[in-house]
Amino acid sequence: MSGQTVEKLAYMANQIARNMTFDATPAASIAEHITAFWTPVMIDMLLAQSNAGLDPLAAEAMAKVAAARAHAG
Amino acid sequence: MTLVRISDDALALACGADDVAAAFVAAGCTVERVSSWGMHWLEPLVEIDGIGYGPVGVADVGPILNDDAQLLCIGRIEDYPFIAKQQRFTFARAGKTRPLSLEDYAANGGWQGLAKARELGSVATIAQVTESGLRGRGGAGFPAGIKWTTVANAAADQKYVVCNADEGDSATFADRMVMEGDPFMLIEGMAIAALAVGASRGYVYIRSEYPHAIAKMEAAVRASAHLVAPFVLEVRVGAGAYVCGEETSLLNSIEGKRGEVRAKPPLPALEGLFGKPTVVNNVLTLAAVPWIMANGAAAYASVGFGRSKGTMPIQIAGNVKYGGLFEVGFGVTLGELVMTVGGGTASGRPVRAVQVGGPLGAYHPPADFHLPFDYEAFAAADGLIGHAGLTVFDDTADMSSQARFAMNFCAVESCGKCTPCRIGSTRGVELIDRIRARAGRAADKVETLPQMHNALKAERSLGDEITLLEDLCETMKFGSLCALGGFTPYPVLSALRHWPEDFGAPADREAAE
Amino acid sequence: MGYERQADFGTPEVRSDQEVTCFIDGREVSVPAGTTVMRAAALTGGSIPKLCATDNLRQFGSCRLCLVEIDGMRGTPASCTTPVAEGMKVHTQTPRLQKLRKGVMELYISDHPLDCLTCSANNDCELQDQAAAVGLRDVRFGYEGENHLGAPTDTSNPYFDFDPSKCIVCSRCVRACDEVQGTFALTIEGRGFGSKVSAGLASDDYFSSECVSCGACVQACPTATLQEKAVKEIGKPERAVVTTCAYCGVGCTFRAEMRGEQLVRMVPWKDGKANRGHSCVKGRFAWGYAQHQERILSPMIRESIDQPWREVNWEEALTYTANEINRIRDQYGRNALGGITSSRCTNEETFLVQKLIRAGFGTNNVDTCARVCHSPTGYGLKTTFGTSAGTQDFDSVEDSDVVLVIGANPTDGHPVFASRMKRRLRQGAKLIVIDPRRTDLVRSPHIAADYHLPLRPGTNVAVLTALAHVIVTEGLADEAFIRERCDWDEYQHWAEFVSAERNSPEFLAPVTGVEADAIRGAARLYASGGNGAIYYGLGVTEHSQGSSTVMAIANLAMATGNIGRRGVGVNPLRGQNNVQGACDMGSFPHELSGYRHVSDAATRALFEAEWGVAIDPEPGLRIPNMLDAATDGTFKAIYIQGEDILQSDPDTKHVAAGLAAMECVIVHDLFLNETANYAHVFLPGSTFLEKNGTFTNAERRIQPVRKVMEPINGYEDWQVTQELARAIGLDWNYTHPSEIMDEIARLTPTFTGVNYKRLDAEGSLQWPVNDKAPDGSPIMHVDGFVRGRGKFVVTDYVPTDERTGPRFPLLLTTGRILSQYNVGAQTRRTANSVWHEEDLLEIHPTDAENRGVKSGDWVRLASRSGETTLRAHVTDRVAPGVVYTTFHHPATQANVVTTDYSDWATNCPEYKVTAVQITPSNGPSDWQEDYEAQATLSRRIEGTAMEPAE
């Protein structure tokens, strides 16, 4: 029962990562998933926090999201 | 030590056979309990060295053993006229073997039919049954071979053989005598049927009123399981409904459902027990099969009359001097059966009527005594032979009362499914009661109401009421779903036609018709 | 449409490749082999008298009115039980037959009341019709014979009466209960003249019996013996409109039968392709809420939720609302706005709401209640197959050999489809049930599951992977199908994963609680038992691994080749009447109609051209994210059409906090629901009886909803949305929902061929309907998967973070029951409440005894989210360690207890697993008391004494 906090977003990202661990290309798939379903505000909020408590795979995926946004932006 | 044979058939038991047997044992004899010869007036019948004595009481035991019972002695049983006149195929072992002795059964021709069927295989077995001309002994007379062929040709993962042993007709006891006296014969017949049609399971559906038959069949099924395997047989007991003798009600009852008639088609041969192809045959039909297989179709077909081939175990009862089981080739006349074999009425009074075929069979006057015992001949005379039970009445019988009995039987036993039987039988009883009171019917309370503008206000005459009874019988005969409602008009209309004076008609009505 | 009885051909249609030609009264007719003489005669336009025959029941042959004469056949066979034969010559009207039929009718009428003119079935009675047809003029038996005229009427059922004095013992009711509904509640008791219809034991009346009030018996009755109370009170209907039920996702077609503007009864329509003439207690009888006194008919507004409501006219309400929307957008930006479309409303209304939000509010912050039910279905099936919907039509089950039901309780949740499924099971199809509870389907009359896998809640993925393990390692996979239709490399990757020892049934048994042998047996049966069909419900989706479970199901179907033909498939049983449609219409924040992502420029261009506005290429917020953002202060206004998120969504306190933090909550609904306690604007909604439109059911079937009566609130919902759009400056000018459907068809490739003209002509259409599938698509993926090659997705079992422990040692799972629907807003306002007055907590006897709890005791149900109180029902239907309740009653608020855990892919809430503790209690929880006080305050309406009970 909380607002849109970084902790909650990090929990969501980690949960996605845990469920896509066995994907053939997990980091890319996680990044694709987050880009497809999260609002830019949510993504920016999580990216803005450097030590958000992301698991390694989620962190790798968020790095890809960040790169893609930088590229598009 | 003297060997004494006494039947343990239910009728013999009812006449005191157990006490008699005990008395012989007490006197140092060896007693064998065998099946019944089927001469009811002689039970308990005692056989020593082929010589018969009957009816025997406990007090007669000493005199018999002292050779001082000439009055009870009937001589050699096999030569006794009632037996000598018969052609016993199905009841060939009657009186001679111990019902549950596999040894006796095998020593007296048992299992030969099944061995033959196993040798011939399915197709040839069905051919034998077809060529024998065997027809269903339950009443409808449908050729057994055709029914078996239908089941054999039906494609299914499971098929059944069901034996209808719900013998509920008045004056019938042949099924009971088979089950109590020669149960392995019925099992052998069912095993042959199963082999012929490709069924792996069978059921014998026995009415609950036959406790001795149930006990013996269950014991026989257990004792012979290894001989008929892989065919598996089971005894099922009815719950007292006459209509469960109708094959589709019987199937519903085995399935655990309400004993209610199914519409046909689909035929049970195609969609029978649990929806699978099923042979449903009467006890006597199946019991005839081992003999046919062992002795050949031609031997069976050489006996009989017209399209009615082979023998029929006829059951004679009611007000008759010599009642019992009389197996003979079709074609014997009704008069011969009643007067010669049966010896006329037990009361010594003239015969007034003979009901043939159970409670749904027609009442025949002596004028019909020329009729040969044959499905077609009886049908042509507005009658039926049914399960071949004869009930004899003397001239004290009130035939309108008998008509009421028939209608009331239908009302009591109706399953309630179809309208003509469910409502018609009750209206029929009410109507016959009014006719028997010899009154017309005045408009009733409802009919006289001014609101009932279309209702007839005038009295309906006795003639109107009889016309209504005839119309009702027509509705029931052609409208009913099964033979219960459909055949009830036979006794009612035959009584009305042959004895109109019992229904209040002037005596000349019969002549006018 | 006037009022006429629907044509009855007497006996059911027969499927056969062979045609048989016969002659009925000289008229030649060709029919499929096996067709009865009665049906053949009806097809020629003739009518043979009948009473016990009706074409949705197997022929029975009891009334004996339908006797005919046939050349070459003895006697007078019954036409209902006699199949036609080639060249057969049938005579249906002869003097002999007339006499027989009159004789039968004379018997009927000798035991039947004569006061037809005051009978509730007057002029709508088959006995009356047939008496007229056979020309009966005199009952010669008189009227004083034995009879049943004094039998008392059973009025125990709230919706219909049973008057045995009028019964003709045709057994149609008994057979309908057996064959159509499959409940076997009725029987014929006694024999002969004493035979009578009985609802079970002699001590039973209809209410105390097994009867589930589906209405099949009432519909089947040819007389007034079983009669709707409404018909007795109002009279015979005079006109009728065919429409679609607004309850569950089965989508039954009904005929609304009217007298003036008054609805008399709803009768299932035999031509309805979803229900085939059947119904349940909700659709058939529970429509009284439409005229309930608590309906809000006037718009209301207020500045803050502690004020009483102020009734205003529509103009004032819309102007106020528009001003608020504009103010908030100006003040906080467009992304502070959002909305929720309704799965209860029509496709057209849903489409307009999302259009209003995307094109009017300028944001993609739109979501729908599918978020909390079947969003994982959309995600999972789109990922694996390429289409966010079930693969089959309901008819398909008739060809299934093995039915696997997982996480669904169709006898309660989807009763009409359950009846169709049970009919197939009674015919011999095998059944596998995967459910923590022993649902009715596991064992019901003449049905017993071959396997029931009573898994621990939350272990669906483990069980499905174990099934896959058996299929792959025992060589039961359909390699030919996989090679032809699926991506072989992905399959191998998946097969290797599931084959690992850690996914074997034996290894997973301690996790799932299911015996390995049972899993092995079930896997073998599903893989090799013929056509295997999977049906699933919210027990699959409402988990932290909901999407994984859907994909695991899809994997199983692909691995065994059970896709792309009748009898097989993956079939989500959708919850609400139009939840499929709401999803199809672009209600999700990331998708436009037809499931096209907002980031797709070509799709956006299509909409931008049609709508004349730019569309945001980024996804919007989902419902839980909206509530999070509201709590955070960045989300300020929401338009909620036909959805009660406060009661239905998880973690009630969180929902309440989010709503309370908003500045403008607009609720568009029938009643002052729980969400309205936090609303500033209330816009009265209309019921499905008062509007035109379409619903799309679980089989993708688009069906017409037709206006039966004028909306008593003044406007259909689409009109309200349009007025709101105009108030904020949009130039919308729809004059009829058909124009909205035309726009949907222009913009949505799967709807290209859909229009009202076709729907009226054809009754319904199953999308996709387009150039590739001009007649629609009953079965999907027939020639290959929509996405190209079927995709196997590895679904690793990741346990939920919701764990039992010393504080919360039990697992709570939630569901629903037959008589109540969803949050109960409708059904609680009908007599259905007599069957379910309150939510009960099911608890296993062992757990109950440990806590000193007996059936009927009040208990406190607590989780880390909150606590509530309700009464206990001790039953072994739930396993030890598991408790269960429903969420139909706001007084219980079961969702106070559920947590904010959700599906990893879609955020569908994890309703089905909550760690809880049960303790004896003697009163409501603090939350319940506080909420009740707040609700009472919030529901005040200025100038009226109205303080609704809820």
Side-chain angles (χ1 to χ4, degrees), chain B residues 241-243 257-266 275 410-431 434 441-447 449 451-452 454-456 460 464-465 467-468 471-482 484-486, chain C residues 34 36 51-52 58-65 67 69 75-78 80-83 96-97 99-112 114-115 117 136-147 168-171 174 187-196 427-428:
Chain B
Y242 175 78
V243 78
K257 295 176 182 162
R258 175 182 161 80
E260 180 178 270
V261 178
R262 299 179 190 170
K264 291 187 282 193
C410 180
V412 169
E413 298 295 349
S414 170
C415 78
K417 180 168 174 176
C418 76
T419 314
C421 178
R422 173 169 51 88
I423 306 179
S425 56
T426 291
R427 292 288 169 262
V429 172
E430 293 164 355
L431 182 55
R434 290 200 300 269
R441 183 174 74 79
D444 64 26
K445 264 192 296 200
V446 174
E447 287 167 313
L449 286 173
Q451 287 89 341
M452 296 296 290
N454 300 325
L456 185 68
R460 296 169 203 257
D464 291 338
E465 295 273 80
T467 302
L468 178 56
D471 285 353
L472 173 64
C473 284
E474 190 181 336
T475 303
M476 290 176 71
K477 182 172 178 180
F478 294 103
S480 292
L481 183 56
C482 82
L484 177 55
Chain C
T36 63
L51 281 170
C52 71
R58 278 201 303 269
Q59 41 269 55
F60 192 59
S62 78
C63 77
R64 315 312 286 174
L65 273 180
L67 306 178
E69 292 189 77
T76 50
C80 66
T81 55
T82 306
R96 181 188 184 196
L97 294 172
K99 187 175 178 197
L100 281 175
R101 290 173 187 158
K102 200 185 278 193
V104 171
M105 186 54 70
E106 191 174 9
L107 291 171
Y108 274 125
I109 304 305
S110 74
D111 184 18
H112 197 83
L114 299 173
D115 42 359
L117 288 176
L136 183 69
R137 297 289 173 261
D138 183 20
V139 176
R140 293 169 293 170
F141 298 105
Y143 300 102
E144 292 188 335
E146 198 180 335
N147 61 62
I168 59 170
V169 201
C170 62
S171 295
V174 178
T187 189
I188 300 289
E189 176 192 311
R191 302 197 330 200
F193 194 78
S195 301
K196 61 178 184 181
Q427 289 168 354

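The sequence lines fix the lettering, A, B, ..., with proteins before strands; numbering per chain opens at 1.
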Where C:Val139 and B:Arg460 come nearest, the two heavy atoms and their spacing: O-NH2, 4.2 Å
Of C:Leu100, C:Leu114, C:Leu67, the largest count of non-hydrogen pairs under 4.5 angstrom with chain B goes to C:Leu100
Of the backbone (N, CA, C, O) and the side chain (C-beta and beyond), which part of B:Arg441 lies under 4.5 Å from a heavy atom of chain C, both, or neither? side chain
Heavy-atom contact with chain C under 4.5 Å, split by part of B:Ala443: neither
Side chain, backbone, both or neither: which part of B:Ser480 has a heavy atom under 4.5 Å from chain C? backbone
Take B:Arg258 and C:Thr187 through the side chain to side chain donor-acceptor pair (under 3.5 Å) test and state the conclusion after the steps. CA-CA 9 Å; B:Arg258 175 182 161 80; C:Thr187 189; over 6 Å; no
Highest number of heavy-atom pairs under 4.5 Å with chain B among C:Phe141, C:Tyr143, C:Tyr108 belongs to C:Phe141
Assert top hit (heavy-atom pairs under 4.5 Å, partner chain B, pool C:Lys99, C:Lys102, C:Arg137, C:Arg101) equals C:Lys99
When you compare the side chain of C:Ser62 with that of B:Thr419, does any pair of heavy atoms fall below 4.5 Å? no
Highest number of heavy-atom pairs under 4.5 Å with chain B: which of C:Gly61, C:Gly142, C:Gly194, C:Gly103? C:Gly142
B:Leu431 versus chain C, heavy atoms under 4.5 Å apart: side chain, backbone, both or neither? side chain
Could I get the full list of ring-ring contact (aromatic ring centres under 6.0 Å, His included) partners for C:Phe193, not counting sequence neighbours? C:His148
Can you tell me which of B:Leu456, B:Asp444, B:Thr475 forms the most heavy-atom pairs within a distance under 4.5 Å of chain C? B:Asp444
Heavy-atom check, side chain of B:Val446 versus side chain of C:Glu144, under 4.5 Å: no
Is B:Lys417 positioned over the aromatic face of C:Phe60, cation under 6.0 angstrom from the ring centre and no more than 45 degrees off axis? yes
Under 4.0 Å between a side-chain nitrogen and a carboxylate oxygen: does that hold for B:Glu260 and C:Arg191? no
Checked B:Pro265, B:Cys421, B:Ala263 vs chain C; the most non-hydrogen pairs under 4.5 Å come from B:Pro265
Which distance, rounded to the nearest 0.5 Å, do you find between the CD of C:Glu106 and the CG of B:Leu472? 8.5 Å
From C:Arg140 atom CZ to B:Thr467 atom OG1, the distance as rounded to the nearest 0.5 Å: 8.0 Å
What distance do B:Met476 atom CE and C:Leu107 atom CG have between them, rounded to the nearest 0.5 Å? 8.5 Å
Can you say whether B:Lys477 sits under 4.5 Å from chain C via the side chain, the backbone, both, or neither, judging by heavy atoms? neither
Nearest heavy-atom pair of B:Gly416 and C:Val169: which atoms, and what distance? O-CG1, 4.5 Å
To the nearest 0.5 Å, tell me how far B:Thr426 OG1 sits from C:Asp111 CG. 9.0 Å
Output the distance between atom OG (C:Ser110) and atom CZ (B:Arg427), rounded to the nearest 0.5 Å. 3.5 Å
Heavy-atom pairs under 4.5 Å with chain C - which of B:Arg434, B:Arg422, B:Gln451, B:Glu430 has more of them than the others? B:Arg422
Is atom CZ of C:Arg58 surrounded by more than 12 heavy atoms (other residues, nucleotides or ligands) closer than 6.0 Å? no
